[in-house]
Amino acid sequence: MEFSALDHAHMARALRLAELGLCTTQPNPRVGCVLARDEEIVGEGWHQRAGEAHAEVFALRAAGERARGATAYVTLEPCAHFGKTPPCADALIAAGVLRVVVAHEDPFHKVDGQGLAKLHAAGIIVETGLMRDAARELNRGFFSRVERKRPWLRVKLAMSLDGRTALANGDSKWISGEAARADVQHWRARSSAIMTGSGTVLADDPSLTVRMRKGGQSQFSPLLNGGMQTALEIDSDPLFEPLRVVLDRTLRTPRAAKVLDGSAPTLIVHGTDTKPDDRFAHVELAVAPLRDGQPDLAHVLRMLAERGVNELQVEAGATLCGALFAVGLVDELLLYIAPILLGDRGHALLRLPAFEAIDAAPRMRIVEQRQVGDDQRLLLRA
């Protein structure tokens, strides 16, 4: 199917609108909609928060009667079911749009082609696939959760030029610079959950919260349109704090740990052989079966997907991060490289099994490289 330059321009606008919900829509996907009559945009909108109106509804409200006979450009298939809001397909039909262009079908079982079928049945021209890859990229976590039954997993690490994460004595504050540490907050904000291990809790006592001022500017690119960068207004309302997940087989997390401070929702995952005490009275607990003496990582990811986690950011030490790589669960590596040398006795980036040949070693591809302050930031995919 061929699309015009004007079609591309309107869909690109819809994708930019969808990106405005980057940090607020979970567990829902990020969706944008543009209503146009030829070159003129008569209405536009994006899904802003789960449980509230979808992108199409905002666009239709803005267009009013001018929606009749217009073309709707939507980044994800309009829904066809009653959830917390009525079906968007019905709203488009009632508004009298002439044509609907959809970037990507919705794999969610309550939609999955039903929205397109409903529009077809109403006599609306329906075309799909325009800027499909960009729409999928923006919602890679949502597609992962629905299609693979596990979140999109991103490991965040910072290292020195010689591949170390800390000095031999464990000191790691601060390897990366202030700009890089601020940049991490934007990646946290787009995540549904942030996961670490009990070893990191004991060593560093991280808060694992999003530390950004309301109205802060996001500086990362979601890789749309060949690396398009959009400045986003981030609402740091605590309602959208990512879930903190701590893998703690033996419940070592101390009472005074920041992850137990109530500043964000917290889930402690422990083994079947431990019993919690009153330290954990104000957080959620879950039991995971053990594999090789540690919580089964694949099981944990399935459990998080069932809780609506789309993107999972892991901020942990070499053991947990290495284990995730070893079992093939890492989709993306967010790596900050600082211009510092820590020496050969420093802590290694990852603990991985020995490989007998180069061909057997995991290889990643770089999808983005950027200077962030004095540091280099690489985004790599498996």
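In this chain, numbering begins with 1 at the start of the sequence shown. All values reported here derive from a predicted model rather than from experimental measurement.
Counting non-hydrogen atoms of neighbouring residues, nucleotides and ligands closer than 6.0 angstrom, the CD atom of E356 reaches no more than 12 such neighbours.
Across all non-hydrogen atoms, the minimal contact from P254 to V201 is CD-CG1, 4.3 Å. Closest approach of A264 and R244 over heavy atoms only: O-NH2, 3.2 Å. For the residue pair L119 and A89, the shortest heavy atom distance occurs at CD2-O, 3.8 Å. The minimum heavy-atom distance between L138 and E19, with the atom names listed, is CD2-N, 4.0 Å.
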Audit row: D375, S176, side chain to side chain donor-acceptor pair (under 3.5 Å) steps and yes/no: CA-CA 7 Å; D375 303 314; S176 53; 4.7 Å; no
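Aromatic rings of F143 and H104 (six-membered ring for Trp) have centroids within the 6.0 Å cut-off, being under it.
Salt-bridge annotation for D331 and R148: present, with a side-chain N of the basic residue lying under 4.0 Å from a carboxylate O of the acidic one. Salt bridge R307/E284: present, at least one basic N to carboxylate O contact under 4.0 Å. A salt bridge links D277 with R279: the closest approach of a Lys/Arg side-chain nitrogen to an acidic carboxylate oxygen falls below 4.0 angstrom. A salt bridge does not link K156 to E311: none of the charged nitrogens lies less than 4.0 Å from a carboxylate oxygen. Ion pairing of K149 with E306 is absent here, as no side-chain N (NZ or NE/NH1/NH2) approaches a carboxylate O to less than 4.0 Å. Salt-bridge annotation for D7 and R99: present, with a side-chain N of the basic residue lying under 4.0 Å from a carboxylate O of the acidic one.
The closest side-chain donor-acceptor pair between N28 and T25, if any, does not fall under 3.5 angstrom. Using modelled atom types and a 3.5 Å distance limit, the side chains of S191 and R154 yield a donor-acceptor pair. Side-chain atoms of T24 and R49 form no donor-acceptor pair, as typed in the model, at a separation below 3.5 Å. R211 and S207 share a side-chain donor-acceptor pair at under 3.5 Å. Side-chain contact annotation: W187 with Q313, donor-acceptor N/O pair under 3.5 Å absent.
In this structure, R381 contributes its side chain and R365 its backbone to no donor-acceptor pair below 3.5 Å.
Connection of I337 to L167 is not established within any shared hydrophobic cluster, with ILVMFWY side chains joined at heavy-atom distances below 4.5 Å, either directly or through further cluster members. Under the 4.5 Å side-chain heavy-atom criterion for Ile, Leu, Val, Met, Phe, Trp and Tyr, M303 and L297 are members of the same hydrophobic cluster.
To the nearest 0.5 angstrom, I175 atom CD1 is 10.0 Å from H347 atom NE2.
Note that R145 lies outside the cation-pi zone of F142, set by a 6.0 Å cut-off to the ring centre and a 45° limit from the axis.
Every residue two or more places apart in sequence or in another chain was checked for a side-chain hydrogen bond (donor to acceptor under 3.5 Å, both in side chains) with E178, and none qualifies.
Relative orientation of the Y73 and H10 rings is tilted, given thresholds of 30° and 60° on the angle between their planes.
Of the residues listed (V101, V97, L98, I125), the one engaging T71 in a side chain to side chain contact (heavy atoms under 4.5 Å, CB included) is V101, and it is the only one.
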